[in-house]
Amino acid sequence: MNATGAGGLGDLGDGTYGNPVLAADWPDPDVVRVGDDFHLTASSFGRAPGLPLLHSRDLVNWTLIGHALERLEPAEAFAAPRHDCGVWAPSIRHHDGRFWIFWGDPDHGVFQVNSPDIRGPWSSPHLVKAGKGLIDACPLWDEERGEAYLVHAWAKSRSGIKNRLTGHRMSPDGRELLDEGRVLVDADHIPGWFTLEGPKLYRHDGWFWILAPAGGVATGWQGAFRSRTFHGPYEERIVLEQGDTPVNGPHQGGWVRTPSGDDWFLHFQQRGAYGRVVHLQPLRWGADGWPVIGADGAPVDVHKKPDLPPQPFAAPPTDDDFPGGRHGRQWQWSANPRDGWATSHAADGLRLACVRSADAHDLRRLPHVLTQRIPLVPCTVEVGLRLDGTAADARAGLAVLGDAFSWIGLERDGAGAVRLVHRFAESVAERERDAERPRPAPDGTARLRISIADGARCRFSADTGDGFRPSGQVFAATPWRWVGARLGLFATAPAGRGGAGTALFTRFRIT
């Protein structure tokens with residue numbers, strides 16, 4: 001799929017681009033340039049692998065090249081889904097010949113990983129500062145002074161503190177903090193400001209700069225703070241807000257400079273069930289030394305591309321033939337994966353074990369659901385399925401998964417026959433129920449389809465040999481608290497003894 005087909009305007013092919021440039025759930029983006037290459041990472045919360053790594057040479061066309069975090073730590077805390085926990089608002093930097101990514105886990109503290117190569121191998125997660133409510137961490141190495149710093153925000157749900165930014169001196173090797181920390185900005189003392197978070201720390205023109213959003217993910221704005229010294233005092237200004245545009249809550253992202261000295265800002269926009277999509281804004285420095293983002297502080301819709309060498313159309317992948325039983329980089333498990341969930345083989349197709357679980361009736365609780373993002377534009381999702389599960393009630397299917405969920409797939413009944421089923425659960429429901437009466441699937445195979453219209457309204461259908469037939473009512477996808485809805489593939493069976501067999505998924509397509 002090209003950039004437009006992937007769900008956004010992206011590269012318009014005439015020297016301009018349209019926002020969003022990443023039209024799916026890439027939350028809380030941060031960016032760094034090394035040479036001619038731009039690298040972006042984003043929040044991954046409780047999914048694994050985490051810390052996605054995207055690459056571009058023009059800030060408009062992006063490819064997904066891997067992940068920096070194979071498994072979340074501490075591993076036992078993420079053996080089961082924790083959809084809105086884990087990796088919050090990472091920051092990516094390049095220092096001393098290495099890439100560094102810092103993030104805050106609201107339940108455990110500030111972590112970092114590093115690597116000499118963006119493609120890895122990456123170091124194991126190192127806990128820089130333990131504690132509850134420490135989020136949105138960002139380092140700074142002051143090359144002029146040979147000093148290092150760290151700034152982070154606070155999650156009130158864990159610490160009782162919010163709306164402030166705390167700064168530390170940090171060891172140059174990035175492994176420990178050298179003081180207890182001081183409040184750099186307390187937004188309770190700034191009239192009208194609330195939920196200050198997501199800080200990004202820079203040095204520019206003799207100032208320490210903190211770019212940080214406030215006002216909440218759906219309605220907020222982007223702030224800039226500056227001080228001559230790291231510990232302040234800082235003065236503030238709003239540098240990007242919705243204005244009279246349709247772009248709600250434009251904020252939280254990173255500043256980057258091209259090789260020729262042009263400045264750009266990547267940030268997110270909250271789009272309901274689609275999650276947080278990524279916009280690109282021009283940035284210039286005003287005569288008074290403050291940054292001006294977008295069109296005089298309001299988001300741009302269409303704009304001239306950065307003055308960089310032309311690049312081919314590109315977007316993160318969606319389709320997958322699962323060669324040799326391997327899934328593509330776009331897929332993430334709902335929790336840390338375990339051996340045996342997926343098996344390799346000589347042909348194409350994803351072979352998932354029907355993992356037995358006492359939570360087989362609720363996909364939100366299953367760690368062995370393989371997920372990817374929902375594109376922002378209307379699309380059709382299709383996948384082939386063959387159920388080889390041998391146990392009674394073994395099942396597999398294609399799902400739209402959020403605070404509420406719905407799935408269509410195959411299930412083996414108590415008499416050994418395979419049938420097509422369609423089930424759903426509301427956000428307040430503790431278990432799923434039928435969205436349509438089951439019907440026979442005599443060959444044990446089906447082609448499954450979800451048509452997703454504007455507003456993430458999903459219509460399910462399936463072909464069991466006699467053409468596609470619609471199933472159930474329209475299902476409106478819902479996000480989790482901080483996470484967009486996801487497409488999911490799964491195979492499972494109720495708790496019991498012995499193996500429950502497998503399911504084979506083939507030719508996954510989003511058109």
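It should be emphasised that the depicted structure is a prediction, and the values quoted were computed from it without experimental measurement.
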Query raised in the report: Backbone N or O of Val60 within a donor-acceptor pair of the Asp11 side chain at under 3.5 Å?
Result: no
Query raised in the report: Is the NZ or CZ atom of Arg326 both under 6.0 Å from the centre of the six-membered ring of Phe322 and within 45° of that ring's axis?
Result: no
**Report entry** Gap separating the CH2 atom of Trp480 from the CG atom of Asp84, nearest 0.5 angstrom
**Finding:** 9.5 Å
Query raised in the report: Between CH2 of Trp331 and CG of Leu370, what distance do you get to the nearest 0.5 Å?
Result: 5.5 Å
Report task. Answer with yes or no after comparing the ring centroid distance for Trp209 and Trp255 against a 6.0 Å cut-off, counting only values under it. Result -> no
Query - side chain to side chain contact (heavy atoms under 4.5 Å, CB included) between Ser157 and Lys162, intermediate numbers included - result: CA-CA 9 Å; Ser157 58; Lys162 65 176 290 189; over 6 Å; no
Query raised in the report: Judged by atom type as modelled, is there a donor-acceptor pair below 3.5 Å linking the side chain of Arg71 to the main-chain atoms of Pro337?
Result: yes
Query raised in the report: Can you find a heavy atom in the side chain of His361 that is under 4.5 Å from one in the side chain of Asp393?
Result: no
Query raised in the report: Are Pro20 and Leu376 side-chain neighbours, meaning at least one heavy-atom pair lies under 4.5 Å?
Result: yes
Report task. Would you confirm whether Arg356, through its side chain, and Pro494, through its main-chain N or O, come within 3.5 Å as a donor-acceptor pair? Result -> yes
Query raised in the report: So, do Leu140 and Leu150 sit near enough that their side-chain heavy atoms are less than 4.5 Å apart?
Result: no
Query raised in the report: Do you know the tightest heavy-atom contact between Ala396 and Leu385?
Result: O-CD2, 3.4 Å
Query raised in the report: Can Thr166 and Trp154 be counted as having a side-chain donor-acceptor contact under 3.5 angstrom?
Result: yes
Query raised in the report: Under 3.5 Å, side chain of Asp142 to main-chain N/O of Glu147, donor-acceptor pair present?
Result: no
**Report entry** Inter-residue atom distance Leu54.CG - Ile92.CD1, 0.5 Å rounding
**Finding:** 10.0 Å
Query raised in the report: Can Trp26 and Leu64 be said to form a side chain to side chain contact (heavy atoms under 4.5 Å, CB included), step by step?
Result: CA-CA 11 Å; Trp26 302 94; Leu64 177 63; 4.2 Å; yes
Requested in this report: Look up atom CG in Leu51 and atom OG in Ser44, then write down how far apart they are to the nearest 0.5 Å.
Outcome: 5.0 Å
**Report entry** Gln222 and His267 side chains, donor-acceptor separation under 3.5 Å
**Finding:** no
Query raised in the report: Excluding sequence neighbours, so at least two apart, what forms side-chain contact (heavy atoms from CB on, under 4.5 Å) with Pro49?
Result: His67, Glu70, Gln332
Report task. Indicate yes or no: at least one non-hydrogen side-chain atom of Val381 is less than 4.5 angstrom from one of Phe508. Result -> yes
Report task. Using the side chain to side chain contact (heavy atoms under 4.5 Å, CB included) rule, take Leu211 and Phe265 through it: C-alpha gap first, then chi angles, then the decisive distance, then the call. Result -> CA-CA 10 Å; Leu211 300 183; Phe265 183 72; 4.2 Å; yes
Requested in this report: Indicate yes or no for a side-chain donor-acceptor contact from Thr492 to the backbone of Ala360 under 3.5 Å, with no hydrogens or angles considered.
Outcome: no
Requested in this report: Identify the heavy atoms of Asn248 and Arg271 that sit nearest to each other, and give their distance.
Outcome: OD1-CD, 4.4 Å
Query - Asp107 and Arg82 ion-paired at < 4.0 Å - result: yes
Query raised in the report: Do we get Arg203 above Phe208's six-membered ring, with its NZ or CZ under 6.0 Å from the centre and within 45° of the axis?
Result: yes
Report task. Mark yes or no for whether Ser43, through its side chain, and Ala89, through its backbone, hold a donor-acceptor pair below 3.5 Å. Result -> yes
Query raised in the report: Are Leu266 and Asp30 close enough that some pair of their side-chain heavy atoms sits under 4.5 Å apart?
Result: no
Requested in this report: Name all residues meeting the side-chain contact (heavy atoms from CB on, under 4.5 Å) criterion together with Arg276; count only those two or more places apart in sequence or in a different chain, and write none if there are none.
Outcome: Asp25, Pro27, Asp28, Val217, Phe268, Gln270, Trp482
Query - Over all atoms of both residues, closest heavy-atom pair of Trp103 and Gly86 - result: CD1-O, 4.3 Å
Query raised in the report: Does a salt bridge link Arg423 with Glu411, judged by any charged N lying under 4.0 Å from a carboxylate O?
Result: yes
Query raised in the report: In Å, rounded to the nearest 0.5 Å, how long is the span from OG1 of Thr380 to CD1 of Ile510?
Result: 10.0 Å
Query raised in the report: Is there side-chain contact between Trp100 and His94, with heavy atoms separated by less than 4.5 Å?
Result: no
Query raised in the report: So does Arg98 pair up with Asp96, basic N to acidic O under 4.0 Å?
Result: no
Query raised in the report: Should the heavy atoms of other residues, nucleotides or ligands under 6.0 Å from CZ of Arg175 be counted, would the total exceed 12?
Result: no
Requested in this report: Output yes when a side-chain donor or acceptor of Asp136 lies under 3.5 Å from a complementary backbone atom of Ala153, and no otherwise.
Outcome: no
Query - Heavy-atom neighbours of Arg257 CZ exceed 12 at 6.0 Å - result: yes
Query - Where Phe111 and Pro125 come nearest, the two heavy atoms and their spacing - result: CD2-CB, 4.0 Å
Query raised in the report: Is there a side-chain contact between Arg338 and Pro367 (heavy atoms, below 4.5 Å)?
Result: yes
Report task. Look only at the side chain of Ser115 and the backbone of Asp117, and say whether a donor-acceptor pair between them is shorter than 3.5 Å. Result -> yes
**Report entry** CG on Leu489 to CG on Leu352, rounded to 0.5 Å
**Finding:** 7.0 Å
Requested in this report: Just do the side chain to side chain contact (heavy atoms under 4.5 Å, CB included) check on Ile450 and Val400 with the steps written out, would you?
Outcome: CA-CA 9 Å; Ile450 306 174; Val400 174; 3.7 Å; yes
**Report entry** Between Glu432 and Trp407, a side-chain donor and acceptor under 3.5 Å
**Finding:** yes
Report summary line: With Leu487 as partner, the option from Thr371, Thr318, Ile452 fulfilling side chain to side chain contact (heavy atoms under 4.5 Å, CB included) is Ile452
Query raised in the report: Is the side chain of His368 donor-acceptor paired with the backbone N or O of Ala335 at a distance under 3.5 Å, no angle test?
Result: no
Query - Side-chain H-bond candidate by donor/acceptor type, His279 with Gln269, under 3.5 Å - result: yes
Query raised in the report: Between Ala273 and Pro479, what is the shortest heavy-atom contact and its length?
Result: CA-CD, 3.8 Å
Report task. Return each pair, listed once, that meets salt bridge (charged side-chain N to carboxylate O under 4.0 Å, His left out) where at least one residue sits in residues 52-66; pairs must be two or more places apart or across chains. Result -> Asp37-Arg57, Asp58-Lys305
**Report entry** Candidate pair Glu382 and Arg509, rule salt bridge (charged side-chain N to carboxylate O under 4.0 Å, His left out), full reasoning
**Finding:** CA-CA 5 Å; Glu382 284 192 18; Arg509 294 290 184 271; over 6 Å; no
Report task. State, yes or no, whether a side-chain contact exists between His95 and Glu143 at a heavy-atom distance under 4.5 Å. Result -> yes
Query raised in the report: Nearest heavy-atom pair of Asp320 and Gly328: which atoms, and what distance?
Result: OD2-N, 2.7 Å
Query raised in the report: Would you find a donor on one side and an acceptor on the other, under 3.5 Å apart, between the side chain of Thr502 and the backbone of Arg351?
Result: no
**Report entry** Distance-only polar pair, side chains of His168 and Glu180, donor-acceptor under 3.5 Å
**Finding:** no
Query - Candidate list Val355, Leu363, Leu401, test side chain to side chain contact (heavy atoms under 4.5 Å, CB included), partner Phe490, passing option - result: Leu363
Query raised in the report: Do the side-chain N and O atoms of Ser406 and His422 include a donor-acceptor pair separated by under 3.5 angstrom?
Result: yes
